[in-house]
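Letters A, B, ... mirror the listed sequences (proteins, then strands); counts begin at 1. Note that the structure is a prediction, hence the values are computed from the model and not measured.
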Number of protein chains: 2
Amino acid sequence: MLIAEVSEKFELSQDTLRYYERIGLIPRVNRTNSGIRDYTEEDCRWVEFIKCMRGVGLPVETLIDYVRLFQQGEETLETRKELLIEQHKQLLSRMADMQKVLERLEGKIERYDQIIGGTDRQITGFSPVFSPKVRGNKD
Amino acid sequence: MLIAEVSEKFELSQDTLRYYERIGLIPRVNRTNSGIRDYTEEDCRWVEFIKCMRGVGLPVETLIDYVRLFQQGEETLETRKELLIEQHKQLLSRMADMQKVLERLEGKIERYDQIIGGTDRQITGFSPVFSPKVRGNKD
DNA sequence: TTACTCTCTGGAGTTAACTCCAAGTCAAGC
DNA sequence: GCTTGACTTGGAGTTAACTCCAGAGAGTAA
């Protein structure tokens, strides 16, 4: 599979694919006799995996570590597992933060609704829309 | 409140606080006669709000827009609400992606457990740990 | 008065993660 | 044999979001 197809298939620019390979974010792809990259199915699975992980913000450095460990073989199984567990933990934690923000945004949107909808509400100063604290709750 | 206290309180560097103000990510803070920033409670609420939103990755540009709209007064209430709704939507979508990755990581970790735990499992090639596809499911 | 600490501003520097570019190679078509 | 188009490499440029720095001013302490 040529880089053009892989690029199309995973919606990553050719430059990005070459960059990922250069920095070790995906294992080295074999070349044809004339030096052209020829992606195997396995290469594609790596591309997909990396795209997926990068898509939710796992750091490039960490993923490079994972790929390197992978290439070192069986002796790194434990380390790789720990790496994944750590990333899982961090992802959970980020999602918890996002959940909070989600709810906070919902609260704000609701207050905007009230203000825009009802014409009898006084809209002065900072607080009514900015923070629910004026209503006496703790957010 | 001096910048040192605000910096301490919200765990943002003084440079970051000045930077945020410079680019309009928080409204301009009043100065004392001698030109020193004197943060009000309201300033602090902005700092906290922005820190919280930045913490989950809302883009600086978008938040600058929100602050600017806020300062333009009531006529922007509708626009502000729409901005928040859009961010809420995007946050939800990002969380859905993360949920998928979370599950994918769990699957991988489980497979690592199996491989490391059981000594009778053959560990050759790429697939067993990399992707569940070899087990016949669709991930 | 001198020293010290905190703060100010404008601007330069850094980091992560791409993204673009120039110069060159190769295979295919005319 | 020459052109065309996809590909190669190494390296420079870009973007977002800070982070650092130099030079200067104000307030306090000895």
Novice: Which residues in residues 11-19 of chain A have a heavy atom closer than 4.0 Å to any atom of DNA chain D?
Specialist: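 Residues of residues 11-19 of chain A that come under 4.0 Å of DNA chain D are, in numerical order, A/Q14, A/R18.
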
Novice: Check every strand shown and say whether A/L2 touches a base, only sugar-phosphate, or nothing at a heavy-atom separation below 4.0 Å.
Specialist: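 Sugar-phosphate, backbone atoms only, no base.
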
Novice: Which part of the nucleic acid does B/I3 contact within heavy-atom distance under 4.0 Å: base, sugar-phosphate only, or nothing?
Specialist: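 Here B/I3 touches the backbone only, sparing every base.
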
Novice: Using 30° and 60° as the class boundaries, would you call the ring planes of A/F49 and A/W46 parallel, tilted or perpendicular?
Specialist: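 A/F49 and A/W46: perpendicular rings.
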
Novice: Students should find this one: the first and last nucleotides of DNA chain D, 5' to 3', lying under 4.0 Å from a heavy atom of chain A. What are they?
Specialist: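 In short, chain A contacts DNA chain D from D/dC7 to D/dG11.
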
Novice: On the six-membered ring of B/Y112, is A/R80 placed so that its NZ or CZ lies under 6.0 angstrom from the centre and within 45° of the ring axis?
Specialist: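 No, A/R80 does not sit over the ring of B/Y112.
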
Novice: Closest heavy-atom contact between A/T79 and A/L69?
Specialist: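 Closest pair (atom of A/T79, atom of A/L69, distance): CG2-CD1, 3.9 Å.
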
Novice: Could you encode protein contacts along nucleotides 23-30 of chain C as a string, one character per nucleotide from 5' to 3', using B for base contact, S for sugar-phosphate-only contact and - for no contact, with a heavy-atom cut-off of under 4.0 Å?
Specialist: ---SS---

Novice: Quick one: side-chain hydrogen bond (donor to acceptor under 3.5 Å, both in side chains) pairs with a partner in residues 1-13 of chain B, sequence neighbours left out?
Specialist: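 Of all non-adjacent pairs touching residues 1-13 of chain B, those that pass side-chain hydrogen bond (donor to acceptor under 3.5 Å, both in side chains) are B/S13-B/T16.
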
Novice: When we call it a touch if two heavy atoms are under 4.0 Å apart, what does A/R22 touch: a base, just sugar-phosphate, or nothing?
Specialist: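 Base, at least one base atom sits under 4.0 Å.
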
Novice: Over all heavy atoms of both residues, which pair between B/R104 and A/C52 is shortest? Give the atoms and the distance, please.
Specialist: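 Heavy atoms only, the tightest pair is NH1-SG, 3.5 Å.
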
Novice: According to side-chain hydrogen bond (donor to acceptor under 3.5 Å, both in side chains), who are the partners of A/E82, at least two apart in sequence or on a separate chain?
Specialist: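 Applying side-chain hydrogen bond (donor to acceptor under 3.5 Å, both in side chains) to A/E82 gives none.
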
Novice: If we count only N and O atoms by modelled type, under 3.5 Å, do the side chains of B/D65 and B/T62 hold a donor and an acceptor together?
Specialist: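 No, B/T62 and B/D65 have no side-chain donor paired with an acceptor closer than 3.5 Å.
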
Novice: B/Q87: which residues meet the side-chain hydrogen bond (donor to acceptor under 3.5 Å, both in side chains) condition with it, sequence neighbours left out?
Specialist: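 In terms of side-chain hydrogen bond (donor to acceptor under 3.5 Å, both in side chains), with neighbours along the sequence ignored, B/Q87 is linked to no residue.
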
Novice: Any luck finding a side-chain donor-acceptor pair between A/Q114 and A/E110 under 3.5 Å?
Specialist: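 The criterion, which ignores hydrogens and geometry beyond distance, is not satisfied for A/E110 and A/Q114.
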
Novice: Could you report the tightest heavy-atom contact between B/C44 and B/Y39, atom names first, then the distance?
Specialist: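 Of all heavy-atom pairs spanning B/C44 and B/Y39, the closest is SG-CB, 4.4 Å.
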
